[in-house]
Amino acid sequence: MADPIIVSGPVSGTEKTLTFETGKFAPQSMGAVVASIGGTKVLTTANAAKSVRDGVDFFPLTVDVEERAYAAGKIPGSFFRREGRPTEDAILTCRLTDRPLRPSFPDGFRNETQVVTTVLGADQVNPHDVLSINAASAALMISGIPFEGPIGAIRMAYSQSGEWIPHPTYEEAENGTFELVVAGRELDNGDVAVMMVEAGGSENAFYYYDDGAKKVTEEVLADGLDACKVWIKESIGLQRQLVASVIATNGPITPMKWTPVLDYTPEIFAAVEKAGSDKLAPVITIANKSERNEATDAVTAEIVAELCGTKDEPGEFAGQNGMVKEAVRSLNKKLMRARVVNEGARMDGRGVADLRPISAEVGALPTAHGSGLFQRGETQVMTVLTMAMPRMNQMIDSLSPNDTKRYLHHYNMPPWANGETGRVGSPKRREIGHGALAARAVLPVIPNQEDFAYTLRLVSEVMSSNGSTSMASVCASSLALMDAGVPTKGHVSGIAMGLIYEDGKYITLTDILGSEDALGDMDFKVAGTEDAITALQLDTKIDGIPADVLSAALAQARVARLEILAVMNACIPQSR
């Protein structure tokens, strides 16, 4: 058995040590790294196919997390006494790991790639999810797979006294008021570009606030995003040290051979731009989503026919219909972004900071314990609350020390919410992630079970989708809780922000449409009360966001959040 290559480094401000190890486990994997903090240990492998599957028009990256019960000295609680489908914690860790990795692969790389984290040790003190992000980056760095890393990640807990604690234990996080997970890469100038943020308040946050603990405001959050850079750099530095050690021991890492897959050629885009700019210009001003999609499809078909021709009368780009369609999508994106940057006007005619029309309603279902209906533009969500005795608490069979859950939040988005057909059945990863985000946003305003005995299950049903159904779920859930008489500390509202970076300008968009999410450079969701942030989620498609731009976006989001809260308070100002 080969001797492992091990690098370790202290975590500043703590007595903990972060360790990366390779060369002992999974010798046939392209990249394999064991990462550990305390007694928590994960093995992450990275592998990629040698060729591209025919017809693949996207980057097929898969991230899986395998929780092994033996890691915590447990036997699975299922009938078969064997691990089954992934737990909700495992699925959330998959998403947390995937989000900063996905934009870090080069354009045109379409080889199927799989990153798998297997939890080997769970000491019931240190969580393994952030460790998975760091281990995945390290495994990719030594694999030869084209990867624009390394990526560093850190979790921080905000203490009641107003201090950020790096890599907090489960207990430290529970005793804090807020948790923040940040992933980023180091820039050439030594700064850290934030690529992903996941944050939320603790279950007892508002009890702590009553005792004088500091609330997490926009300013506090901005300070946390700046403070996290120290520990992100430490992880990145340790990964670079691992790469250097591997090269010193085994020789240079052989880069994987791959061929970029082009969506279209420069010649095709030039032809599409010439033929379609005038035709697409009025289309991007259509406010209604379905009408805009129909008009876009009609113009696309017209451009394809003009450039590709028919079987009997082939055009200049005959047989390249797929590339022409992709070029039309890119042109549509270019025109939309230029309109926002140059004219300050969006697809539906709003200014960059304008909200769509908002409405709120309670009591939509008279047989339910509580129900809330929230609509913002074409996005509509109904949340239904069911209450039960504490014996209905959900039993958790996972690697964390938490074995029960009192507050359940489930999110469903069927295909008909987009006017489409598709699979209906068990929830997908996206639905589980959106439900967890809404839960984190609302949980801090709910009294604990000692003061309010009921088990609470909220189900958010997406009735119509055109931009940030997760934040609409937060608003609808807050309404449903008050409708049912749950003594919450006040309403929680949420808003989705976007960003367009063009020609050195950063334009922040309030209340983004679904198309603006797809065509923009950032998806930024903020939820909170009138005076505190309760949850935040951020993903970027660019190298990162400057601190001043992020601070300005937080301030712009607060204005929108308060405007939404005013509508919700007008509907039902306090719990029944």
Side-chain angles (χ1 to χ4, degrees), residues 51-61 102-103 105-112 146 148 258-286 288-343 345-348 418 420 466 498-503 505 507 509 512-523 540-543:
S51 59
V52 180
R53 294 200 313 264
D54 291 339
V56 173
D57 58 357
F58 63 97
F59 173 39
L61 170 66
R102 189 170 292 273
F105 291 86
D107 292 337
F109 182 64
R110 298 285 173 80
N111 299 54
E112 184 173 0
E148 297 167 356
W258 63 283
T259 302
V261 177
L262 298 177
D263 290 326
Y264 49 81
T265 64
E267 294 76 18
I268 288 179
F269 183 81
V272 167
E273 189 170 29
K274 181 179 179 181
S277 293
D278 292 341
K279 297 172 183 176
L280 280 172
V283 172
I284 63 174
T285 66
I286 299 175
N288 183 272
K289 176 184 173 181
S290 59
E291 292 178 7
R292 185 172 63 251
N293 288 343
E294 288 179 8
T296 301
D297 291 342
V299 170
T300 301
E302 187 178 341
I303 295 172
V304 170
E306 180 180 338
L307 298 181
C308 299
T310 64
K311 184 177 181 181
D312 296 330
E313 297 182 15
E316 180 182 359
F317 299 105
Q320 302 183 65
N321 299 40
M323 283 193 171
V324 171
K325 289 179 181 179
E326 287 296 327
V328 172
R329 292 191 186 98
S330 291
L331 178 60
N332 190 49
K333 176 178 179 178
K334 179 180 178 180
L335 294 174
M336 184 278 289
R337 292 165 65 94
R339 184 168 183 248
V340 172
V341 173
N342 299 326
E343 302 174 27
R346 297 157 67 176
M347 284 183 172
D348 54 3
N418 279 310
E420 300 171 351
N466 187 12
L499 183 81
I500 291 178
Y501 175 62
E502 201 77 39
D503 298 329
K505 299 178 184 177
I507 309 295
L509 307 179
I512 55 174
L513 302 170
S515 297
E516 291 173 330
D517 184 5
L519 303 180
D521 297 318
M522 177 183 75
D523 180 16
T540 68
K541 302 172 189 175
I542 53 180
D543 284 342

| said: Just to verify, what does Glu294 make a side chain to side chain contact (heavy atoms under 4.5 Å, CB included) with, not counting sequence neighbours? | reply: none

| message | What I'd like to find out is whether the side chain of Lys289 reaches to under 4.5 Å of the side chain of Asn293, using heavy atoms alone. | response | yes

| message | As an exercise, state the distance from OG of Ser515 to CG of Asn466, rounded to the nearest 0.5 Å. | response | 6.5 Å

| Gap separating the SG atom of Cys308 from the NZ atom of Lys325, nearest 0.5 angstrom | 9.0 Å

| request: Would you name the heavy atoms of Trp258 and Asp107 that are closest together and state the gap between them? | output: CH2-O, 4.1 Å

| task | For the residue pair Phe59 and Phe105, categorise the inter-ring angle as parallel (less than 30°), tilted (30 to 60°) or perpendicular (more than 60°). | result | tilted

| message | Under the rule for ring-ring contact (aromatic ring centres under 6.0 Å, His included), what residues qualify as partners of Tyr501, not counting sequence neighbours? | response | Tyr506

| Could you state the interatomic distance from CG (Leu280) to OG1 (Thr296), rounded to the nearest 0.5 Å? | 6.5 Å

| Between Thr540 and Pro103, which heavy-atom pair has the shortest distance, and what is it? | O-CG, 3.9 Å

| Which distance, rounded to the nearest 0.5 Å, do you find between the CZ of Arg346 and the CG of Leu509? | 5.0 Å

| said: Do the side chains of Asp348 and Arg292 get close enough for a salt bridge, i.e. N-O under 4.0 angstrom? | reply: no

| task | Provide the closest heavy-atom pair for Pro106 versus Pro146 in the form atom of the first, atom of the second, distance. | result | CD-O, 3.5 Å

| message | One thing to verify: whether Lys505 and Glu502 come together as a salt bridge, which I'm taking to mean a side-chain N less than 4.0 angstrom from a carboxylate O. | response | no

| CD/Glu302 to CD/Glu306 distance, rounded to the nearest 0.5 angstrom? | 7.0 Å

| said: Evaluate Val328 against Val304 for side chain to side chain contact (heavy atoms under 4.5 Å, CB included), listing each step before the verdict. | reply: CA-CA 9 Å; Val328 172; Val304 170; 5.6 Å; no

| Does Glu343 CD have over 12 foreign heavy atoms under 6.0 Å away? | yes

| Just by distance, do the side chain of Arg337 and the backbone of Ile500 share a donor-acceptor pair under 3.5 Å? | no

| remark: When every non-hydrogen atom of Phe58 is compared with those of Arg110, the smallest separation belongs to O-CD, 3.0 Å

| Separation of Arg53 CZ from Glu112 CD (nearest 0.5 Å) | 5.0 Å

| request: Given side chain to side chain contact (heavy atoms under 4.5 Å, CB included), test Val272 with Leu307 step by step and report yes or no. | output: CA-CA 8 Å; Val272 167; Leu307 298 181; 3.6 Å; yes

| query | Taking all atoms of both residues into account, what is the closest heavy-atom pair of Ile268 and Ala327, and its distance? | reply | CG2-CB, 4.0 Å

| Shortest non-hydrogen contact between Met323 and Asp263, atoms and distance | CG-O, 3.1 Å

